[in-house]
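The residues of the chain are indexed from 1 along the displayed sequence. Side chains included, hydrogens not; waters and symmetry mates left out as well; all remaining heavy atoms used.
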Amino acid sequence: MFRAARNVAAYQFRGFESLAIYHATLVLWVYGLIQCGETKRLEVTTPMSEADLTAPVPLDEPENQVTKSFLSHGVGRPGLMMLQYRGKNEGDVKVFYELAKPRAVTAVAQQVFEGNCRLPFSDVSLPPIIQNLCALIKDLGNLQ
């Protein structure tokens, strides 16, 4: 869902698309909470969890063998990619965030919304529905 949303033309999120992104965020956030609890349980019982030995699986990138392996066998550490600004001369860089960190999921979702509704270096405010959904998502991130 996030990969598709990033390819939508600027200012084209309407009611349905916005709510679909919000619902996808909720699903990933809950999954992350469950994974976070599981990771903490494993850390208590074993010094090194299996998650430390598996490859990252960016779920919002094009499907490849790694994502297929995760979807069919649960192998890997699922996560999302987020652009981070490194400076005017350096450009943006993609950073991987695990779903086991639910606050990162909400940050990626906010970036997807804001990326569609803001031109670079623009002070134009977000449309009301996007602004409200971003506030809800931000509140989710603050719950943990």
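In the hydrophobic clustering of ILVMFWY residues, with side-chain heavy atoms under 4.5 Å counting as a link, Val27 and Tyr22 come out apart. Leu71 and Val66 fall within the same hydrophobic cluster, defined by Ile, Leu, Val, Met, Phe, Trp and Tyr side-chain heavy atoms under 4.5 Å apart, directly or through other members. Linking Ile, Leu, Val, Met, Phe, Trp and Tyr whenever their side-chain heavy atoms come within less than 4.5 Å puts Leu26 and Leu19 in one cluster. When hydrophobic clusters are built by joining Ile, Leu, Val, Met, Phe, Trp and Tyr residues whose side-chain heavy atoms come closer than 4.5 Å, directly or via intermediates, Tyr97 is grouped together with Leu143. Transitive grouping of hydrophobic side chains (ILVMFWY, heavy atoms separated by less than 4.5 Å) brings Val95 and Phe2 into a common cluster.
Within the 3.5 Å criterion, the main-chain N or O of Asn142 finds no donor-acceptor partner in the side chain of Asp139. Side-chain atoms of Glu61 never come within 3.5 Å of backbone atoms of Met81 as a donor-acceptor pair (strictly under, hydrogens ignored). Between the side chain of Ser69 and the backbone N or O of Gln65, no donor-acceptor pair lies under 3.5 Å. Remark: side-chain polar atoms of Asn116 are paired, donor with acceptor, to backbone N or O of Ala9 under 3.5 angstrom.
Summarising the geometry, atom CG belonging to Leu28 is positioned 7.0 Å from atom CG belonging to Leu59; distances are rounded to the nearest 0.5 Å. A distance of 10.5 Å separates NE2 of His23 from CE of Met1, quoted to the nearest 0.5 Å. Atoms CG and OG1, on Leu140 and Thr106 in that order, are 7.0 Å from each other to the nearest 0.5 Å. Once rounded to the nearest 0.5 Å, the distance linking CG of Leu126 with CD of Glu114 reads 5.5 Å. Summarising the geometry, atom CZ belonging to Arg103 is positioned 10.5 Å from atom NZ belonging to Lys138; distances are rounded to the nearest 0.5 Å.
Inter-residue side-chain proximity for Phe13 and Leu133 is flagged as unmet; no heavy-atom pair is nearer than 4.5 Å. Between Leu83 and Lys94, the closest side-chain pair of non-hydrogen atoms falls below 4.5 Å.
Taking each heavy atom of Pro78 and Phe96 in turn, the nearest pair found is C-CZ, 3.9 Å. Looking at every heavy atom in both residues, Ile130 comes nearest to Cys117 through CG1-SG, 3.8 Å. Nearest heavy-atom pair, Cys134 versus Gln110, reported as atom, atom and distance to 0.1 Å: O-NE2, 3.7 Å. Among all heavy-atom pairs drawn from Arg3 and Asp60, the shortest one is CB-O, 3.2 Å. The minimum heavy-atom distance between Ala5 and Val112, with the atom names listed, is CB-CG1, 3.6 Å. Minimum interatomic distance between Ser18 and Phe113 (heavy atoms only, all atoms of both residues): O-CZ, 3.4 Å.
Considering Ile34, Val105, Val108 as possible partners of Leu99, the one that fulfils the side chain to side chain contact (heavy atoms under 4.5 Å, CB included) test is Val105.
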